[in-house]
There are 2 protein chains.
Amino acid sequence: MSKITLKDLAKMLKMSISTVSKGLNDSYEISEATKKKIRQLAEKHNYQPNLFAKNLKIGKTNTIGIIIPFMANPVQSQILEGAHKAALENNYHIVFMQSRDNNIIEKSCIEFLINQNVDGIMISPASQESNVEYIKHVHENITPIILFDRVEYPLETHKVGVNSFVGTYNATKHLLEIGRKRIAVLCGKNLGVTSERLNGYLKALEDNSISIDQDLIIYCDYNKTKEQMDYELKKELMKLMKQENAPDAILGTTDTLTTRVLGILSETKYSVPEDLAVIGFANTELAQSLNPSLSTIKQPAFDIGYIATNKLIRLSNEKDRSDFPYESILLETTIQLRNSTKI
Amino acid sequence: MSKITLKDLAKMLKMSISTVSKGLNDSYEISEATKKKIRQLAEKHNYQPNLFAKNLKIGKTNTIGIIIPFMANPVQSQILEGAHKAALENNYHIVFMQSRDNNIIEKSCIEFLINQNVDGIMISPASQESNVEYIKHVHENITPIILFDRVEYPLETHKVGVNSFVGTYNATKHLLEIGRKRIAVLCGKNLGVTSERLNGYLKALEDNSISIDQDLIIYCDYNKTKEQMDYELKKELMKLMKQENAPDAILGTTDTLTTRVLGILSETKYSVPEDLAVIGFANTELAQSLNPSLSTIKQPAFDIGYIATNKLIRLSNEKDRSDFPYESILLETTIQLRNSTKI
DNA sequence: TTGTATGCGTTATCAT
DNA sequence: ATGATAACGCATACAA
């Protein structure tokens, strides 16, 4: 029941190994008649080339590395699902690593992947300035790197993410349309996605002639523990709510922040959406199980993974990278309005 | 910047390739002095053996296959995280596949993994009777298979899952303690985990002298679409609620069912926990963001993945599998009581 | 204790 | 159009 090899096929066909190899690789040197015979026998025995031998010979691994912050996270696992599909279709393997939003772990992930001889790396950076020099060095000298998800990062390469600006712009616009005027916005400190998402919010206010109040912009530090983050966010929020000019809506710029703030609010006397309308980035199916159901900005996470992986695989096969200029692909988000922003 | 090979090291050390190889593999044939020299140089140049050459030679791939129903699912992705850690620690790779709860896809996943020459396969079966004969055949003749998560499946092998019985027993007991007597239970049709989880529920009722009402046992068909499933579950539930003897609590035996029923209830006039207390299997952090926060039976998903992977790796390295009898490891669940079951 | 030679399953170069 | 042979990097049986 052991694997069939070229040698086996050659013996059965009474041909040489190299003829069989060339036949299966559709070489112009082999006659159609022979190719047909070879293919038929290979098919019959379900011949599968030994990837280890092949890769050893070719010097490629047909493997790409993917570095994500956390895999047990709805967006990330959906991205991974898309990446998985693309890899499968191209006969590639994936080695995935988790940076846990930590620069040092991130670097060791990259080093590990390089040692694994991957043909390329996809990374969603731990932060806007994590390992910039090192990543640049790897990209230029060792193996191609492309960015996904968190694409606001100083590296010239392919980037696949979402149009953050439009997502928060539309969400903010919606809040204004239902009559909310004091919109608090939750941002990730040092997170690459923050600036564009904040810009969308600011532009929407500006376009609707609402003055901007810096107090309504709340930054949360992802480097702290969940408990610490929740505690600080709650404090900040409660301070605002007690002011004369209390907010009447909340916009979450990341999945994490959007879902956590709901838990925080449920512990307080403020109700959603009566006191505070809530909308934000969130990719969880659970949004509709929440009470009230949560209005969300949904990212095409699967597509991000799928497209990015295809890009990387193609890039890793280019002889000369300068032939193909780098692209930034920003997919559009979709807004799902539910009860948390009901008028 | 290309990789350093044994040949390079040998040249620098003025030794033969085989001496260096043996030295690095700590062979008894090599003197300590030489070993030391070899190791130092290898360390200095960060030598990493080429896995493709090594595997080609050894005939092992150092790769295991993992088949899960869906990866973008909290429990599954947490299991995968544990598996990932174990694999990393043992210098193994993971190729993961998704069966999408479908027997046919499941079979093709197995075939794919066999073609990849994996050293073993971990599987969470699509259903209780999916591909039984084929899986048995693979396990006995091709590559070892172990079961995780959904371990109620007719195959003699290592199994790593949770103690389903105790989980639902305790949850049911809790519902009784807070005074609920008419507990509806949501089950997955044809799902391996169902029987034990249902048994836990039944035993708890029995121990508390509550008579069993078959009408309160609701089966949901995982082969239908989400919309269809939701529709049918809602209908069933509403029918019960209109009866004289309406249920006053719901127990969900899977993550999917527990979270979905919340969404369904929020569309009705019935409130949680006043009309219906809700508790069930669920591994999502979001449980506390829900309103009311959801009481859950939590599975040690990370541990399941970690332990199962270690088991499989060890099993794949046994010369004679019969030396080591198969084990069934059932980890305990934990119950987190929150507002959805408040008295 | 160290070195030489062989082969794992491919692909590719060079005959024939 | 087909076949013999070398090489990829490694481990190992055997020779020295």
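Since the structure is predicted, the reported quantities are computational estimates derived from the model, not experimental observations. Naming: A, B, ... by sequence-line order, numbering from 1 per chain. Side-chain atoms are counted along with the backbone in the values below, which use heavy atoms only and exclude waters and symmetry mates.
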> Select base, sugar-phosphate, or nothing to describe what B:Thr5 touches, counting heavy atoms under 4.0 Å on all strands.
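Counting heavy atoms under 4.0 Å across all strands, the contact made by B:Thr5 is with sugar-phosphate only.
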> Mind checking what makes ring pair (Phe, Tyr, Trp, His ring centres under 6.0 Å) contact with B:Tyr222, not counting sequence neighbours?
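Checked B:Tyr222 against ring pair (Phe, Tyr, Trp, His ring centres under 6.0 Å); zero matches.
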> Over 60° means perpendicular and under 30° means parallel, so classify the ring planes of A:His158 and A:Tyr326, tilted if in between.
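Perpendicular.
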> So what does A:Asn25 touch, heavy atoms closer than 4.0 Å: a base, only the sugar-phosphate, or nothing?
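Sugar-phosphate: the residue A:Asn25, judged by heavy atoms under 4.0 Å, touches backbone atoms but no base.
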> Supply the atom-to-atom distance B:Ile105 CD1 to B:Ser130 OG, rounded to the nearest 0.5 angstrom.
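Result: 12.0 Å between the selected atoms.
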> Classify A:Leu56 by what it touches in the nucleic acid, base, sugar-phosphate, or nothing, heavy-atom distance under 4.0 Å.
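Base: the residue A:Leu56, judged by heavy atoms under 4.0 Å, touches a nucleobase.
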> NA contact type, A:Thr19, heavy-atom cut-off 4.0 Å: base, sugar-phosphate, or nothing?
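Contact class for A:Thr19: base.
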> Check this one for me: any side-chain N or O of A:Ser18 less than 4.0 Å away from OP1 or OP2 of D:dG3?
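For D:dG3, neither OP1 nor OP2 has a side-chain N or O of A:Ser18 closer than 4.0 Å.
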> Mind calculating the distance between CD1 (A:Ile58) and C1' (D:dG9) to the nearest angstrom?
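Going from CD1 in A:Ile58 over to C1' in D:dG9 covers 15 Å.
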> Which part of the nucleic acid does B:Ile17 contact within heavy-atom distance under 4.0 Å: base, sugar-phosphate only, or nothing?
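The residue B:Ile17 makes no contact with any strand.
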> Is a donor-acceptor pair below 3.5 Å formed from side chain B:Ser16 to base C:dT2, judging by atom type as modelled?
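No pair found.
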> Here's a test of your reading of the structure: between A:Val20 and B:Ala53, which maps to the more 5' nucleotide of DNA chain D?
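Its nucleotide being nearer the 5' end, the pick is A:Val20.
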> Relative to the 5' end of DNA chain C, which residue comes earlier, B:Glu29 or A:Glu29, by the nucleotide with the nearest heavy atom?
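The residue closer to the strand's 5' end, by nearest nucleotide, is B:Glu29.
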> What's the CG-P distance between A:Asp26 and C:dA12, to the nearest Å?
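It works out to 14 Å between those atoms.
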> Whole-Å distance between C:dC8 P and B:Phe52 CZ?
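In whole Å, C:dC8 P lies 20 Å from B:Phe52 CZ.
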> Using a heavy-atom cut-off of 4.0 Å across all strands, would you classify B:Thr34 as base, sugar-phosphate, or nothing?
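Contact class for B:Thr34: sugar-phosphate only.
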> I'd like to know if B:Lys22 reaches the base of D:dA11 with its side chain such that a donor and an acceptor end up less than 3.5 angstrom apart.
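In this structure, the two groups form no donor-acceptor pair.
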> What is the distance, to the nearest angstrom, from the CG atom on B:Asn55 to the P atom on C:dT10?
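Nearest whole value for this atom pair: 15 Å.
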> Going by the angle between their ring planes, with limits at 30° and 60°, are A:Tyr306 and A:Phe302 parallel, tilted or perpendicular?
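Correct class here is parallel.
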> Rounded to the nearest Å, what distance is computed from the OH atom of residue B:Tyr28 to the P atom of nucleotide C:dT2?
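B:Tyr28 atom OH is separated from C:dT2 atom P by 14 Å.
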> Taking side-chain contact (heavy atoms from CB on, under 4.5 Å) as the criterion, tell me which of B:Ile307, B:Ile68, B:Thr309 meets it with B:Phe148.
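So, applying the side-chain contact (heavy atoms from CB on, under 4.5 Å) to B:Phe148 and each of B:Ile307, B:Ile68, B:Thr309, only B:Ile68 qualifies.
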> Considering every strand and a 4.0 Å limit on heavy-atom distances, what is the contact class for A:Lys54: base, sugar-phosphate, or nothing?
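If one applies the 4.0 Å heavy-atom cut-off, A:Lys54 turns out to touch the sugar-phosphate alone, with no base involved.
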> Can a side chain N or O of B:Tyr47 be found less than 4.0 Å away from OP1 or OP2 on D:dG9?
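No, no such contact exists.
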> What is the distance, to the nearest angstrom, from the NZ atom on B:Lys57 to the P atom on D:dA7?
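From B:Lys57 NZ to D:dA7 P: 18 Å.
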> Heavy atoms under 4.0 Å, any strand shown: does B:Ser31 hit a base, just sugar-phosphate, or nothing?
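The residue B:Ser31 makes sugar-phosphate contact but no base contact.
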> Measure CD1/A:Ile30 against P/C:dA12 and give the value in whole Å, please.
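To the nearest whole Å, that distance equals 13 Å.
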> Name the residue from A:Ile145, A:Leu113, A:Ile123 that meets the side-chain contact (heavy atoms from CB on, under 4.5 Å) definition with A:Val138.
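By the side-chain contact (heavy atoms from CB on, under 4.5 Å) criterion, A:Val138 pairs with just one of A:Ile145, A:Leu113, A:Ile123: A:Ile145.
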> Measure NZ/B:Lys7 against P/D:dG9 and give the value in whole Å, please.
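Rounding to the nearest Å, NZ of B:Lys7 and P of D:dG9 are 6 Å apart.
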